[in-house]
Amino acid sequence: MSGVHPLEIIAAKRDGREHTEGQIRALVSAVADGSMPDYQVAAWLMAARIRGLTHAETLALTLAMRDSGARLDLRALPGVKVDKHSTGGVGDKTTLVVVPILAAAGVPVLKMSGRGLGHTGGTLDKLEAVPGLRTDLTSDAAIDQVRRVGAAIVGQSAELAPADGRLYALRDVTATVDSTPLIAASIMSKKLAAGADALVLDVKAGRGAFMPDEPSARRLARAMVAIGASAGMRVAAAVTAMEEPLGRAVGNALEVAEACAVLTGAGDADDRLVDLCVRLAAEGLRLGGAATTEAAAMALARRLLEGGQAAERLMALLAAQGGDSHVVERPDLLPRALERATARAASAGVVARVDAREVGRVAGLLGAGRARMGDAIDPAAGVLLLRRAGDAVARGEPLAEALGGSAERVREAALRLRSAYALGEPAPRRGIVLGWVRRAGRRAYTTARVARVDGAGARML
Ligand code: URA
């Protein structure tokens, strides 16, 4: 560690002292080149998790991680390049709708996505349910595709922000993932390295999300918007509800089919899903300069969706990445599960809640997700929700369907799905978007969980 001893850095954070930018750069460089052993990195992470980081420290960490590997240069692409990121939820297929809307408006998007882990799904797994589709494009190929097609959705390159890869792996095994500044720095370092000018964030709040409640999601949203403002990227963050799954489908091919139905207008699309897609797209259209007011952006997003231009862009994107573009109009061409079983209501009543976390877990057990990175997944497996909060059901009526490759597993899954449904008095429903954070400000650092430690600057915990 050039000029800085690891023990000094660990002790400084342990005692609640603020790091200098130089100390953080030295730390990240020692993480990236492997010269700092795992036990010392883990000790620093725990100190940072407990003591928190100031905005200046979080920003320095983000920028040092951004600079720890390659950075995409999108300047050759015309226009304002817009990216989108969701912090992950259950049934979240919005990228498959939002990116084509932006492309249809001429707003270029090069989106790097991840795989699902635990009870949340990942866009890459969903896309790879499309027969033939490739996500392992080189950055040159992805940039070329954006020039030709308007958008590309590819795998997160390991060459971008490699220091985050090592830090995240250690956080995962040291109970230090749930730290607002560490999460914010991790996400934003990769987004900044991916080179877009602007970013729409969807920060999920609730049982199906990484952030369990609205205040913690707002805190994360504020931290990321503040980093963007300091790092020269325009960032707008929606805080959105993730108590229950988004839409009716959870599972890779099932979610692609649902997203395609939203794009083509086939069937009876879920209102909250459509509303969220339109709002996120509208924000991207504004950031990308395709509309100036919120009302104009919403109208444009709806027009591109309802006029079929967005569906046409998804077809072009799938074809460009080697996938069968016919799936957009013919979801029967997607992988189909061999077995299905129905979860039925044990008694009559009104659905009060559908527990997103439990539905995500059941979908995972059916093979739609993975417990560990590298586990194989079944693209056809998943859950279809037939009843939602507020729906009345009679005893024995279907609530949901479990789909998978084994008759025994789908039967067990159907039983578990029944317990994901709670009957009773539904809570009053708020809109899917709980609020927006669009500007960085002092409020970003004066939330309830901010602590003052030893007279040092305010810290995000
Ligand atoms: N996603 C990331 O990329 N990083 C985190 O720390 C958490 C979620």
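Bear in mind that the values here come from a model prediction, so they are computed numbers and not experimental data. Start at 1 and go down the list; that is how both ligands and their atoms are numbered.
For Thr138 and Asp140, the side-chain atoms include no donor-acceptor pair closer than 3.5 Å. Side-chain contact check for Lys84 and Thr94: at least one donor-acceptor pair (N or O, by modelled atom type) lies under 3.5 Å. Between the side chains of Asp164 and Ser189, no donor N or O sits under 3.5 Å from an acceptor N or O.
For ligand 1, the protein residues placed under 4.0 Å by at least one non-hydrogen atom are Tyr168, Arg171, Ile183, Ser186, Ile187, Lys190, Phe210.
From Ile183, atom CD1 reaches atom CE of Met224 across 8.5 Å, with rounding to the nearest 0.5 Å.
Every residue meeting the salt bridge (charged side-chain N to carboxylate O under 4.0 Å, His left out) condition with Arg286, not counting sequence neighbours, appears here in chain and number order: Glu283.
Residues Glu57 and His19 approach most closely at OE2-N, 2.7 Å, considering heavy atoms.
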